[in-house]
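One structure is given below, encoded as structure tokens.
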Amino acid sequence: MKNKDDNGTGSGGDEGGDENKLIAERRAKLAELRRAAGPGGAFPNDFRRDALAGELQAAYGERSGEWLEANPTRVQVGGRLMFKRVMGKASFAKIADRTGQIQLYLQQETLGPAYEAFRGWDVGDIIGGAGLLFRTRTGELSVRADQLRLLVKSLRPLPDKWHGLADTETRYRRRYVDLIVSETSREVFRTRSRIVRYLRDFLDALGFLEVETPMMQPIPGGATARPFRTHHNALDLDMYLRIAPELYLKRLIVGGLDRVYEINRNFRNEGLSTQHNPEFTMLELYLAWSDYRDIMDWVEKATRGLADTLNGTLELTYQGRRYDLAQPFPRVTVEQAIIDNNPGIDPLSLRDLTYLRKRCDQLGIAYHPDDGPGKLQIELFEKTAEAKLLDPTFVYAYPVEVSPLSRPNDADPFVADRFEFFIAGREIANGFSELNDPEDQAARFRAQVARKEKGDEEAMFYDADYVRALEYGMPPTGGLGVGIDRLVMFFTDSPSIRDVILFPHMRPEA
RNA sequence: GGGGCGUUAGCUCAGUCGGUAGAGCAUCGGACUUUUAAUCCGCUGGUCGACGGUUCGAUUCCGUCACGCCCCA
């Protein structure tokens with residue numbers, strides 16, 4: 001690029017080939033800083049803060065100018081320069097730290113050479129300053145700086161201070177810029193953290209043990225999904241990134257830990273969408289001596305508790321629609337949900353393969369010749385009912401055919417004691433009474449393997465060690481998986497999963 | 001994989017019925033000692049996503065590709 005020869009550092013950080021005049025100007029300023037720098041160089045690390053902007057606003061935001069004058073409070077603050085207004089021999093600067101922003105008032109007669117230097121600093125630079133708190137004529141709490149230092153020279157200009165960063169691609173690819181300029185985005189990730197902490201606290205209070213199970217697995221299990229493959233060189237062993245931790249967590253139930261959970265990443269080698277990222281965060285928990293109804297109760301309680309803890313209310317808005325979590329969450333069967341959303345369907349033929357195929361054909365749903373009535377029911381459900389489940393709703397009684405790890409229902413062996421939980425038309429959680437009959441589990445695995453051999457890449461592998469674990473005896477257990485990303489989407493009013501993942505999966509930049 | 005939309009200055013966006021482009025903010029220079037998207041004056045800044053085609057001439061029309069967003073499978 002044409003600016004490469006402006007100074008001796010022109011080749012640094014130029015991988016993107018996006019050098020321009022603005023960056024060149026800043027590089028020149030940095031070069032001058034390097035020349036003039038004393039001990040500590042151009043990137044000193046001897047400045048420390050004794051106050052944070054947000055805490056100062058909280059502590060002194062209500063104090064009058066007179067009070068501040070009568071009670072001199074000297075503070076040392078630092079952060080990123082977010083705007084500067086130079087008015088001749090005095091200037092205003094606002095700096096941002098992790099807690100908020102605070103304004104500095106800078107005067108030439110007080111600061112001398114540092115003031116002259118400041119005139120050349122740029123928005124985005126990281127600076128430190130110290131002085132007494134006061135209130136400006138217009139009433140803004142500010143620091144009358146008597147010390148001022150440039151700590152880090154920023155070489156790249158920030159987005160427009162008013163419009164911010166609107167380009168979604170840049171927001172995702174350069175999340176650091178998004179976080180610098182968008183309080184909304186920062187708040188999403190703070191909320192995400194609070195959600196995870198709430199769930200941990202909730203489970204810890206119930207005596208759950210948080211555990212970590214393998215991410216790299218020789219046999220990927222616990223879900224029907226295509227895995228990512230990898231290879232262990234020393235063992236010359238093909239391995240898979242986990243699609244779920246389920247089978248390991250249930251081994252721990254066999255081991256007697258009784259109440260375990262894990263919050264961590266799963267990996268599924270599938271497409272991307274507003275609701276799918278190849279790696280996503282799941283909470284899985286297993287509670288011995290419980291069944292799927294207990295788990296539903298837990299989900300309902302935790303969802304409400306989460307809303308109350310985050311917002312202090314059970315009402316919230318997601319994408320313009322009002323949600324009232326105080327209402328009991330309805331519980332409907334899969335078949336009832338199909339009936340409710342398919343006018344004219346024959347309720348007595350919902351397990352009739354020929355009839356279901358005909359309905360699927362009418363709706364343009366593709367299916368495999370080996371799909372049985374249970375699989376076709378789920379196809380129908382997903383096509384016609386799922387998106388309409390806006391208010392929090394439990395759908396239960398999933399066909400055993402599509403629930404290879406779930407316990408069959410005692411009264412109706414066509415279905416399993418399994419539910420899924422929906423909000424805003426999206427699956428948020430999936431839970432069931434765990435299948436603890438090792439011989440039934442072995443038969444289910446064999447059926448899955450048969451599907452896989454016929455080309456179903458999502459079908460499960462046979463996990464002999466898991467069957468062996470069940471043969472030692474697993475207590476009656478209820479289990480649950482919660483899609484944390486989707487939960488965060490709901491509680492942060494985010495339309496896309498990319499908005500709640502710091503670094504969402506993207507194609508490499510062109 | 002299919003369909004739709006998008007890609008123009010650092011950022012946010014206009015625009016060119018085909019004749020190599022503008023605004024606001026930012027930057028740069030100047031004025032200004034309490035500003036709040038500060039104000040005032042002046043100046044810069046672009047391979048119009050990439051590659052081909054049509055054309056005297058393409059940022060504009062056509063095609064292919066790349067990346068992104070949305071919808072569908």
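Throughout, protein chains are lettered first and strands after them, A, B, ... in sequence-line order, and every chain is numbered starting at 1. The structure displayed is predicted, hence computed values, not measured ones.
By the ring-ring contact (aromatic ring centres under 6.0 Å, His included) test, A:F491 is found to be paired with no residue, residues two or more places apart in sequence or in another chain being considered. Residues meeting the ring-ring contact (aromatic ring centres under 6.0 Å, His included) test with A:Y240, sequence neighbours left out: A:F461. Shown here are the side chain to side chain contact (heavy atoms under 4.5 Å, CB included) partners of A:V152, two or more places apart in sequence or in another chain: A:F43, A:I126. Take A:F490 and apply the ring-ring contact (aromatic ring centres under 6.0 Å, His included) test, not counting sequence neighbours, and it matches A:Y318, A:Y323. For A:R137, the side chain to side chain donor-acceptor pair (under 3.5 Å) test picks out no residue, with sequence neighbours left out. A:Y172 pairs by the ring-ring contact (aromatic ring centres under 6.0 Å, His included) definition with nothing, not counting sequence neighbours.
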Donor-acceptor pairs under 3.5 angstrom involving side-chain atoms of residues 101-114 of chain A: please list them, not counting sequence neighbours.
{"from": "A:Q103", "atom 1": "NE2", "to": "A:S142", "atom 2": "OG", "distance (Å)": "3.0"}
{"from": "A:Q108", "atom 1": "NE2", "to": "A:E116", "atom 2": "OE2", "distance (Å)": "2.4"}

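For the salt bridge (charged side-chain N to carboxylate O under 4.0 Å, His left out) condition, the pairs that include at least one residue of residues 332-342 of chain A, sequence neighbours left out, are A:E335-A:R351. Contacts classified as ring-ring contact (aromatic ring centres under 6.0 Å, His included) and involving residues 49-73 of chain A (residues at least two apart or in different chains) are not found.
Comparing B:U35, B:C28, B:C69 by their nearest atom to the side chain of A:M506 picks out B:C69. For A:R507, whose side chain is taken as the heavy atoms from C-beta onward, the closest listed nucleotide among B:G68, B:U34, B:A26 is B:G68. Looking at the side chain of A:D122, the nearest of the listed nucleotides B:U27, B:U34, B:U44 is B:U27. If you check B:U33, B:U34, B:G10 against the side chain of A:A90, the one that comes closest is B:U33.
Between A:R173 and the phosphate of B:G68, there is a side-chain N or O to OP1/OP2 separation shorter than 4.0 Å. Proximity of A:K29 to the phosphate of B:C28: a side-chain N or O atom is located under 4.0 Å from OP1 or OP2.
Within the nucleic acid shown, A:V86 comes within 4.0 Å of at least one base atom, counting heavy atoms only. Contacts of A:F134 with the nucleic acid, taken as non-hydrogen atoms under 4.0 Å apart, include base atoms.
Within residues 98-110 of chain A, the residues that place at least one heavy atom under 4.0 Å from RNA chain B are, in residue-number order, A:Q103, A:Y105, A:Q107, A:E109. Contact check of residues 158-172 of chain A against RNA chain B (heavy atom, cut-off under 4.0 Å) returns A:P159, A:D160, A:K161, A:W162, A:H163, A:G164, A:L165, A:A166, A:D167, A:T168, A:E169, A:Y172. Listed by residue number, A:K383 are the residues of residues 364-387 of chain A with a heavy-atom contact under 4.0 Å to RNA chain B.
Screening A:K84, A:K153, A:R80, A:R156 against A:D125 for a salt bridge (charged side-chain N to carboxylate O under 4.0 Å, His left out) leaves a single residue, A:K153.
In this model, no side-chain donor or acceptor of A:R135 finds a partner on the base of B:U34 within 3.5 Å.
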